[in-house]
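So the structure is just underneath, and the comments pick up after that.
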Amino acid sequence: MMTFIWVSLILVVLSMIGIMFRVFRGPSVPDRLIALDGIGVMLISAIALISILFDTAFFIDVILLIAIMSFIGTVSFSKFIERGEIIERDRNR
């Protein structure tokens, strides 16, 4: 079982390295944004595998924090790409 977890961790890290190529050399900004979201998912899965290897539940809080930050970052970047601003301010009020 431990061999399977180590192989899975190595494959996740190699996939993360592959996605880093798309972040740096992506043809467009939305492609880079999707790649950053993929890195967040890969990072969460790598930390979950490390948590299983170390047989601890301490990393669950870290996983939740990374998931929340990844979601907020993806939403704010996509809103910035779509509209050009993240926080809209109405001057008419």
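Since this is a predicted model, take the numbers as computed values, not measurements.
- Remark: Ser28 engages Pro30, Asp31 in a side chain to side chain contact (heavy atoms under 4.5 Å, CB included) (not counting sequence neighbours).
- Counting only distance, with no hydrogens or angles, the side chain of Ser70 and the backbone of Ile66 share no donor-acceptor pair below 3.5 Å.
- A heavy-atom distance below 4.5 Å is found between the side chains of Trp6 and Leu53.
- The side-chain contact (heavy atoms from CB on, under 4.5 Å) test with Met42 is passed by exactly one of Ile19, Leu14, Leu11: Ile19.
- Each of Val29, Leu33, Ile72 was compared with Phe77 under the side-chain contact (heavy atoms from CB on, under 4.5 Å) criterion, and only Leu33 meets it.
- Taken together through direct or relayed side-chain contacts under 4.5 Å among Ile, Leu, Val, Met, Phe, Trp and Tyr, Val23 and Val41 form parts of separate hydrophobic clusters.
- Remark: the backbone N or O of Thr56 is paired with a side-chain donor or acceptor of Ser51 at under 3.5 angstrom.
- A side-chain contact (heavy atoms from CB on, under 4.5 Å) with Ser45 is found for one member of Val12, Leu9, Ile50 and no other, namely Val12.
- Atom-to-atom distance recorded for Met20:CE and Ile39:CD1 is 5.0 Å, nearest 0.5 angstrom.
- In the hydrophobic clustering of ILVMFWY residues, with side-chain heavy atoms under 4.5 Å counting as a link, Val7 and Phe54 come out apart.
- Taking CD1 of Ile47 as the reference point, atom CD1 of Ile60 lies at 10.0 Å (rounded to 0.5 Å).
- The line from CG of Leu65 to CZ of Phe59 is 13.5 Å long, rounded to the nearest 0.5 Å.
- The shortest distance between side-chain heavy atoms of Pro27 and Arg22 falls below 4.5 Å.
- Side chain of Arg32 to main chain of Gly26: a donor-acceptor pair is present (N/O by atom type, distance under 3.5 Å, no hydrogens or angles).
- Each of Val62 and Ile68 belongs to its own hydrophobic cluster when Ile, Leu, Val, Met, Phe, Trp and Tyr are linked at side-chain heavy-atom distances under 4.5 angstrom.
- Residues Phe58 and Ile5 fall within the same hydrophobic cluster, defined by Ile, Leu, Val, Met, Phe, Trp and Tyr side chains chained together at heavy-atom separations under 4.5 Å.
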